Amino acid sequence: MSDKNVSIRLRSPLGRARGMGSAKQGSHHWWMQRVSSMALLPLMLWFVISVASLAGHSYADTILWIGHPFNATLLLLTIAIGFQHTASGLQVVLEDYVADEMSRTAYILVVKAACALFGVLAALAVLKIAV
Amino acid sequence: MSIENNARDATMVGRRTDGTAIRRPLSPHMQVYDMFQITSGMSIAHRITGSIWAVGLLFLVWWLVAAASGPEAFATAQWFFSSFIGMLVLFGLSAVAWYHTLAGVRHLMWDAGYGYDIPTVHRTGRIVLIGTGVLTVLTWFIAIIAWA
């Protein structure tokens, strides 16, 4: 008999689900990636078409476009959700490919810091033009 | 064989019925598995295009900060984006954006539980690839009209 290989789990499936795994977040990260991707669909459609239409336009035209309340609002949303989506996507890539826990955690924190830094920088640039 | 301390490697270690330790084979086996089927190829491409956009966002930040900093900084950014390298970067980013968007919709469809049978997987895969080409050309059509 090889019963030393059989691990007996006393926790019920519901208990394990309530415990939400080692990260204590359950499917939250996975779900937020889907929510942000859905939000980015119309935003990217708008953004790519808008930027393509801005090709060859002057500095004054561009400032006018960014500064328009409608465009500035959508730009801020694109920046916020875009960087959130990027941070969570890169986190999954790092979790999959970096085996060592210390370097994995360090890389993820660096990615999150960079996304926060550049996200705020981009948002501030939009606000400076729009406000 | 050595038993690993790493938690991930530990899941790769099993035991034979006589109790001796054995390292389980990794899946997919990289020397046997064809990485460039439309299924696996598009899956890894979705990750790569997502990671490329992480770098692409830096160009968006540069463009916005340059616009906020004044005409000189904006002229420098415009000079780069209208240069050969800059155009190549923008063209690549537009293709990558459309691919990641369309492949993302395909993933959302799977998440909702649709399209798992192999003929549908192959069909949606081809739709994403063709759609990426069409939308990228369309994007640059708009850009060229705006430029002219």
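Keep in mind it's a predicted model, so treat the numbers as computed, not measured. A note on names: the letters A, B, ... follow the listed sequences, proteins ahead of strands, and every chain is numbered from 1.
- Between His100(B) and His85(A), the two ring planes are perpendicular [angle over 60°; tilted spans 30° to 60°].
- Each of Thr101(B), Leu108(B), Ile144(B), Leu138(B) has some count of heavy-atom pairs under 4.5 Å with chain A, and the biggest count is that of Leu108(B).
- Residue Thr62(A) touches chain B through its side chain alone, counting heavy-atom pairs closer than 4.5 Å.
- Side-chain atoms of Leu58(B) and Phe118(A), non-hydrogen and from C-beta on, do get closer than 4.5 Å to each other.
- Contact annotation for Leu124(A): neither backbone nor side-chain heavy atoms come within less than 4.5 Å of a heavy atom of chain B.
- Applying the salt bridge (Lys or Arg N to Asp or Glu O under 4.0 Å) definition to pairs two or more places apart or across chains, those involving residues 47-76 of chain B are Asp96(A)-Arg47(B).
- Below 4.5 Å, heavy atoms of chain B meet heavy atoms from Trp30(A), Arg34(A), Ser37(A), Met38(A), Leu41(A), Met44(A), all part of residues 30-44 of chain A.
- Using a 4.5 Å heavy-atom cut-off against chain A, no residue of residues 84-96 of chain B qualifies as contacting.
- When Phe141(B), Phe81(B), Trp140(B), Trp63(B) are compared by the number of non-hydrogen pairs under 4.5 Å with chain A, Trp63(B) comes out ahead.
- Counting heavy atoms of neighbouring residues, nucleotides and ligands inside a 6.0 Å radius, atom NE2 of His57(A) exceeds 12 of them.
- Put simply, the side chain of Phe83(A) does not reach to within 4.5 Å of the side chain of Leu60(B), judged on heavy atoms.
- The stretch residues 38-46 of chain B places Ile44(B) near chain A, each with some heavy atom under 4.5 Å from a heavy atom of that chain.
- Shown here is Phe80(B), whose CZ atom has more than 12 heavy atoms of other residues, nucleotides or ligands within 6.0 Å.
- Contact count versus chain B (heavy atoms, under 4.5 Å) is highest, among Val111(A), Ile129(A), Thr86(A), for Ile129(A).
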